[in-house]
Amino acid sequence: MAETKREIERKYEAAAGTDVPDLTRVRDVATVADEGVVELDAVYHDTPDLRLAADSITLRRRTGGSDAGWHLKFPVAVGVRDEIRAPLSDTLPPDLAALLRSRVRGGEVVPVVRLRSARDVRRLLDADGGLLAELSVDTVRARRLPKGPRASWTEIEVEAADDADPGILDAVEKQLRKAGVRPSDAPSKLARALAETAPEDHGPDDHPDAPPPAAPGTAGAAVLAYVREQAEAIVALDPAVRRDLPDAVHQLRVACRRLRSALKTYRSVLDRNATDPLGDELKWLAGELGVARDQEVLAERLRGRLTDMPRPLRLGPVKARLRIWDTARTKDARRKAVAALDSDRYLALLDRLDALLADPPLREAAGRDAAKVLARAVRKDHARLAARVDRALSLAPGHERDLALHEARKAAKRTRYAADAARPTLGKPAKKFSKRVKKVQSLLGEHQDAVVARATLRDLAVQAHAAGETAFTWGLLYGREEAAADAAERELPEVWARAVPL
């Protein structure tokens, strides 16, 4: 089973035979324990076209040292990576392969570089013998595989201990700089190895049949930049969903919705004959992910409602019943989301997005001034939203109005996304407009959440009654959700009036 470790480290240039300064002068470091030299042998894997390296992801199979096995590293921030480890085996473990699926697709990973390192390790300890950080002087020999160029260098690596204050790295760096040691230009050993063992450049490939890119400042360039941003977000968020990281499902679903909205909003720029089928697939994926996200939002809402309710009004095992309900539904929802990411249909969607970006179906408006085309599209979405809000407000309170308000919410979301896509082009006006529409969307979202919560509370009340429990608390919560929906409806006209178009 794979395990995850947060790695916070820094790398420094070092000449062969570099003397490490006295690190007991570093704040909080009482002693430095010399652990001797460890021989490490790591084979780094990637796709033949180095897709993982392009995204600063490393995959290696390493022997030697205390952590021999497969290591997969995802960047988190500068100098910070999540390292996911799996036991040593001859082939790539399935758990790690799944985390690479959105990038590897139907291809394979192959050995690309072999690094042999002699690691001279020092452990930096505090006065109680606790580990603060580990410093190593690594003498590295690299070879491009299968029989490519070689390179060698020496570097110093400093890694903060688990749960240690990352500030220790600043203190160590200050001492290293005093000794003339400087930070490395390479973010990782693999990056340096790939750069220093790269085959001779034979010049760029010619693609005479490829369409010219959209000219800067045109609507085509602006829309394609946004489409590319969302497509890349889908690929990047895939492993985060599989790892069950906080908010990952929500962010991936948002990327799908933003992309689908852009394809609809900017049909004057991209031919809908090509983009509508993609929109259908994005809707499918967002729907599969939505089960997990909707459950997460609903469960959090109901837990909050129960917590806020005075204890004398919480009759019966209400928290236990809610927990059982949530556990069962969450498990099913997560299974559904991961199954979608494991499907061939999902991989086909990713490939089609790549194809769209490689050969975009640009229409005549794509060559026009971006500001005019994008502003017109945003105003058109706003008019669509206005029609839905007006219709909803014209209806009497009840089921039909609830449905109409939900449709208005979806239109508000699309309008906001359209404005966000236009922000790099239109600047502050688009930003301000997006904020105004977001308030409308949030209010309509609160209304919809209350409507959904009422249906769930009724189901929980029925279950409680069937089990011989009192349904009193569930009924009280139902009433509070009714009040929340009514309050949102009353507030809507005022909030909507401030959402003036561009």
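Keep in mind the model is a prediction, meaning the values are calculated, not measured.
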Between Arg267 and Asp276, does a side chain to side chain contact (heavy atoms under 4.5 Å, CB included) hold up when you go through it step by step? CA-CA 9 Å; Arg267 283 172 172 167; Asp276 280 358; 3.3 Å; yes
Working to the nearest 0.5 Å, report the span between [atom1] of [X] and [atom2] of [Y].
| X | Y | atom1 | atom2 | value |
| --- | --- | --- | --- | --- |
| Arg323 | Lys319 | CZ | NZ | 9.0 Å |
| Leu356 | Asp351 | CG | CG | 12.5 Å |
| Arg62 | Ser117 | CZ | OG | 8.0 Å |
| Gln441 | Tyr417 | CD | OH | 6.0 Å |
| Arg105 | Arg51 | CZ | CZ | 7.0 Å |

Arg257: which residues meet the salt bridge (Lys or Arg N to Asp or Glu O under 4.0 Å) condition with it, sequence neighbours left out?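 Partners of Arg257 by the salt bridge (Lys or Arg N to Asp or Glu O under 4.0 Å) criterion come out as none, since no residue qualifies.
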Looking at residues at least two apart in the chain, or sitting in another chain, which of them share a salt bridge (Lys or Arg N to Asp or Glu O under 4.0 Å) with Asp82?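 So Asp82 forms a salt bridge (Lys or Arg N to Asp or Glu O under 4.0 Å) with Arg6, Arg243.
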Under 3.5 Å: donor-acceptor pair, side chain of [X], backbone of [Y]:
| X | Y | answer |
| --- | --- | --- |
| Arg122 | Val32 | no |
| Thr197 | Ala193 | yes |
| Asp126 | Asp28 | no |
| Asp46 | Ala53 | yes |
| Asp138 | Val140 | no |
| Ser102 | Val235 | yes |
| Ser261 | Arg258 | no |
| Asp22 | Thr24 | yes |
| Thr218 | Ala214 | no |
| Arg61 | Ser89 | yes |

Before accepting this row, confirm whether a basic side-chain N of the pair [X]/[Y] lies closer than 4.0 Å to the acidic partner's carboxylate O.
| X | Y | answer |
| --- | --- | --- |
| Glu196 | Arg150 | no |
| Arg60 | Glu83 | yes |
| Asp332 | Arg335 | yes |
| Asp185 | Arg192 | no |
| Lys5 | Glu7 | no |
| Arg119 | Glu39 | no |
| Asp34 | Arg123 | no |
| Arg242 | Asp238 | yes |
| Arg10 | Glu173 | yes |

Side-chain heavy atoms of [X] within contact of [Y], under 4.5 Å:
| X | Y | answer |
| --- | --- | --- |
| Val223 | Leu374 | yes |
| Trp325 | Leu298 | yes |
| Val452 | Arg301 | no |
| Lys178 | Pro21 | no |
| Lys11 | Ile156 | no |
| Pro239 | Arg103 | yes |
| Leu88 | Thr63 | yes |

Run Leu282 and Leu263 through side chain to side chain contact (heavy atoms under 4.5 Å, CB included) and show every step you take. CA-CA 10 Å; Leu282 289 165; Leu263 297 179; 4.1 Å; yes
Step by step, would you call Arg303 with Asp326 a side chain to side chain contact (heavy atoms under 4.5 Å, CB included)? CA-CA 10 Å; Arg303 282 195 296 268; Asp326 181 39; 3.1 Å; yes
Walk me through it: do Arg85 and Asp67 pass the test side chain to side chain contact (heavy atoms under 4.5 Å, CB included)? CA-CA 8 Å; Arg85 300 175 177 178; Asp67 62 347; 3.7 Å; yes
For the side-chain contact (heavy atoms from CB on, under 4.5 Å) test, which of Glu9, Arg81, Lys73 pairs with Ser188?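 When side-chain contact (heavy atoms from CB on, under 4.5 Å) is applied between Ser188 and each of Glu9, Arg81, Lys73, only Arg81 qualifies.
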Among Arg345, Lys336, Lys283, exactly one meets salt bridge (charged side-chain N to carboxylate O under 4.0 Å, His left out) together with Glu288. Which residue is that?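 Single salt bridge (charged side-chain N to carboxylate O under 4.0 Å, His left out) partner of Glu288 among Arg345, Lys336, Lys283: Lys336.
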